[in-house]
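In listed order, ligands and their atoms are each counted from 1.
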Amino acid sequence: MEKIWVCLNKNSYPILIGSGLFSNSEELSFLKKKKRVVIISDYKVALLYSDKLLTLLALFGCDVSLLKLKSGEQYKNLYTFNKIIKYLLEGNYDRDMIIIALGGGVIGDLVGFSAACYCRGVDFIQMPTTLLAQVDSSIGGKTAVNHSLGKNMIGVFYQPKAVIIDTECLLTLSLREFTSGIAEVIKYSIICDQHFFSWLESHLDRLYYFDKIALKYTISCCCRIKAQLVSQDEKESDIRAFLNLGHTFGHAIESALGYGIWLHGEAVSSGIVVASKIAQLQGLISEKEVERIISLLRKARLPVYIPSSISFLDLMKYILRDKKVLSGQLRLVLPTSIGTVKIVKGISKPVIRQAVEYCRML
Ligand SMILES: O=C(O)C(=O)C[C@@H](O)[C@H](O)[C@H](O)COP(=O)(O)O
Ligand SMILES: [Zn+2]
């Protein structure tokens, strides 16, 4: 079992990475201190893993219950948030409780946001079961729900007490969900680790064969990068924004198509291509490196294009609602090489249009 710390003074917490952790009484024994525990999961994930956890927590003497929700980005909204709050209120849960978010990114974001709001904040733990959640969304305390006008537009920074990653969960993941997580993995390598990028170029197949060592190495690399960035800049006033590479366009695609039509990682993949092309048009990165980025995303069978059903006007509407826009000015995370990125202001509309048009032809 590996332990990586997110260092945030009194809000510091560990990320535990290992296999079989969900039924490991030693690693989860800190839950013995909590009398009342609510596991919140989706129907699919609960079927696979909730029994193990319920049994373990009951053995610890906890009063534990399970709330199951529908899965999918289209349910990450205030309606489902209200369902969670109602469940907690009807169960008379007080501030001494703890919530476990057992599932992918949608469950993690939604449960984190509910934990932050219920009684002005109760403890929660992230138990991510998808690759995307294990390498990214469960770490760093970004919690949110979507609004029809924009992705993750209602939310707060609220850190979990621990992130517990059981790599065995990946064995039950659909290929499409797994691939979506690979987009965030590739993102990490582009923002700060050219060696990891090269490693992915030559070892991607091992990940798709579920090679345990390759998977463990990948998850660990990503968690380390994320823990470092979050520890230095919890609330994204500076370098944490690097983690948003590809997300300005990715979120616009998700919102414009309708939540859940493309998975988050799929949209981020195309978003990375637009950002890379803009960087090339600005003379920040070479054409060769952009080609390497596109071929790695293609090799992972991720989309690299902008759907023709989304007009440029529509795309721009969502792009301008991006959370990185400050004083009305768009700020984009652009790669300056494989392994480095920077935040660039004032990119003109014609340049964005040119990059988008390029992606339509891929
Ligand atoms: O943790 C972060 O910081 C990230 O930007 C990670 C992203 O991969 C993640 O999708 C995040 O939820 C996007 O945040 P948002 O602030 O753009 O909504
Ligand atoms: Zn993301």
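To the nearest 0.5 Å, atoms CG (Leu21) and CG (Leu53) are separated by 10.5 Å.
Within the 4.0 Å heavy-atom shell around ligand 1 one finds His264. At least one heavy atom of Lys187 sits less than 4.0 Å from an atom of ligand 1.
More than 12 non-hydrogen atoms from other residues, nucleotides or ligands lie less than 6.0 angstrom from CG of Leu149.
Within ligand 1, counting atoms from 1 as listed, the ones closer than 4.0 Å to a heavy atom of Lys226 are 1 (O), 2 (C), 6 (C). Heavy-atom proximity to Glu236, at under 4.0 Å, picks out these atoms of ligand 1: 3 (O).
Taking atom 11 (C) of ligand 1 as the reference point, the nearest protein heavy-atom neighbour is Lys142 CD, 4.0 Å. Closest protein heavy atom to atom 12 (O) of ligand 1: Asn152 ND2, 3.5 Å. Of the protein's non-hydrogen atoms, His247 NE2, 3.2 Å is the one closest to atom 7 (C) of ligand 1. Residue, atom and distance of the protein heavy atom nearest to atom 13 (C) of ligand 1 are Asn244 ND2, 3.7 Å.
The pair Glu266-Arg176 meets the salt-bridge criterion, since a charged nitrogen lies less than 4.0 angstrom from a carboxylate oxygen. Comment: Lys142 engages Glu236 in a salt bridge, judged by a side-chain N to carboxylate O separation of less than 4.0 angstrom. Using a 4.0 Å cut-off between a side-chain N of Lys or Arg and a carboxylate O of Asp or Glu, Arg36 and Asp94 do not qualify as a salt bridge. Ion pair Arg224/Glu2 flagged as a salt bridge, since at least one NZ, NE, NH1 or NH2 atom sits closer than 4.0 Å to an Asp/Glu carboxylate oxygen. Ion pairing between Asp42 and Lys44 fails under the 4.0 Å rule for side-chain N and carboxylate O.
The aromatic ring centroids of Phe81 and Phe113 lie less than 6.0 Å from each other.
Contact annotation: for His251 versus ligand 1, heavy atoms closer than 4.0 Å belong to the side chain alone. Contacts of Asp136 with ligand 1, taken as heavy-atom pairs under 4.0 Å, involve the side chain alone.
For the residues Glu234, Lys323, Arg240, Glu184, the heavy atom positioned nearest atom 15 (P) of ligand 1 is part of Lys323.
Restricting Glu184 to its N, O or S atoms, the one at the least distance from the Zn ion (ligand 2) is OE2.
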